[in-house]
Every structure is written in C-alpha cells, then in structure tokens.
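The model shown is predicted, which means the values in this text are computed figures rather than measured ones.
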Amino acid sequence: MDVLSEDDVVQAFKALSHPTRLAILRWLKEPQSFPPQDQPAEEVGVCLKHIQARANVSQSTASQFMAVLQRAGLVTSIRIGPWTHYSRNEPRIAALGRVMTSQL
C-alpha cells in the first residue's frame, strides 16, 4: 500500500489543478478509447501522440503535462522505440483517494 507524504499530496493536487491534466488522467482510465497502436494500450499505456491529439496541444505541451503528472506519481511511462506510452498509477491514485477520505 502506497503511503503518501504531505508533499506527495500537494504535488498530486498541483498536477490535477490544470483542467487538461485532469482530463488526461480521466482519459487514461479507458486506454481502449484511444486509436489503435502497435501494442495494445491496455498493456503498454497510451502513446503520447494520441494524448497530444486528444488534448489538441503541441507535442511539447503534451510532454510537459505528462511530466507533471509523472513527477506527482499519478502516471507511469514506458519507452517503446521513439515513443513514450503512459498509464495511470492506480496504487498511487488509490492512496490519494484514501488520504482525501481519511484526512481531509
């Protein structure tokens, strides 16, 4: 079970304070809703190019959004060739939910 420090919680809330980053985390809950990839999104995560397209932002902005979510521990990434694929970090998200219900 993930135990979150106060700084972890602050970083997570900061990451979720931008509407597009919040939307991305919601979208990643259903990886099958993205276009097909060489390897299934349910197994390797969603390719950054698909996140970028859905968010309607530049590649650099999408990368920055994902970096913030990753630093907060809300997503994980895997590199496949030139592409980075992202998935939700469900244990961390569940721990954040527990903190919200028990401490806030």
Side-chain angles (χ1 to χ4, degrees):
M1 177 158 69
D2 233 349
V3 177
L4 302 181
S5 70
E6 188 169 312
D7 186 57
D8 292 335
V9 174
V10 169
Q11 290 305 311
F13 282 127
K14 283 182 181 179
L16 297 173
S17 69
H18 191 285
T20 304
R21 289 193 298 259
L22 183 59
I24 290 168
L25 201 60
R26 278 193 208 116
W27 299 336
L28 290 176
K29 197 168 190 171
E30 296 180 0
Q32 71 280 0
S33 72
F34 285 87
Q37 308 177 152
D38 289 342
Q39 297 184 36
E42 297 85 357
E43 295 174 18
V44 299
V46 177
C47 183
L48 179 65
K49 67 180 179 180
H50 296 312
I51 296 167
Q52 171 195 349
R54 187 172 290 182
N56 197 28
V57 296
S58 68
Q59 188 274 333
S60 62
T61 299
S63 291
Q64 289 173 351
F65 284 160
M66 299 314 296
V68 170
L69 290 169
Q70 191 164 20
R71 279 194 303 273
L74 299 172
V75 299
T76 59
S77 68
I78 185 171
R79 192 117 173 126
I80 301 174
W83 303 107
T84 303
H85 294 70
Y86 293 92
S87 300
R88 289 165 49 103
N89 183 348
E90 295 297 346
R92 177 58 71 100
I93 293 168
L96 184 60
R98 286 192 299 276
V99 167
M100 290 178 60
T101 57
S102 68
Q103 297 178 20
L104 299 180

For Phe65, check ring-ring contact (aromatic ring centres under 6.0 Å, His included) against everything at least two apart and list the hits. His18

NE2 on His85 to CD on Gln37, rounded to 0.5 Å: 4.5 Å

Residues that Asn89 engages under side chain to side chain donor-acceptor pair (under 3.5 Å), provided they are two or more places apart: none

If we only count heavy atoms from C-beta on, is the Ile80 to Asp38 side-chain gap below 4.5 Å? no

Output all residues satisfying side chain to side chain donor-acceptor pair (under 3.5 Å) with Gln59, sequence neighbours left out; order by chain, then residue number. Ser63

Distance, nearest 0.5 Å, that separates CE of Met66 from OG of Ser77: 8.5 Å

Name all residues meeting the salt bridge (charged side-chain N to carboxylate O under 4.0 Å, His left out) criterion together with Arg21; count only those two or more places apart in sequence or in a different chain, and write none if there are none. none

Side chains of Leu4 and Arg98, heavy atoms from C-beta outward: is any pair under 4.5 Å? no

Sub-3.5 Å donor-acceptor pair from the side chain of Arg92 to the main-chain atoms of Ala72, do we have one? yes

Can you tell me how far apart CH2 (Trp83) and CD (Gln39) are? Round to the nearest 0.5 Å. 14.0 Å

Is there a chain of hydrophobic side chains (I, L, V, M, F, W, Y, each step under 4.5 Å between heavy atoms) that links Leu25 to Tyr86? yes

Donor-acceptor pairs under 3.5 angstrom involving side-chain atoms of residues 26-36: please list them, not counting sequence neighbours.
from: Ser33; atom 1: OG; to: Glu30; atom 2: O; distance (Å): 2.7
from: Ser33; atom 1: OG; to: Arg54; atom 2: NH1; distance (Å): 3.2
from: Ser33; atom 1: OG; to: Arg54; atom 2: NH2; distance (Å): 3.4

Ile24 and Val75, any side-chain heavy atoms less than 4.5 Å apart: no

Could you tell me which residues satisfy salt bridge (charged side-chain N to carboxylate O under 4.0 Å, His left out) with Arg88, sequence neighbours excluded, listed by chain and number? Glu90

Where Ala55 and Thr20 come nearest, the two heavy atoms and their spacing: CB-CG2, 4.0 Å

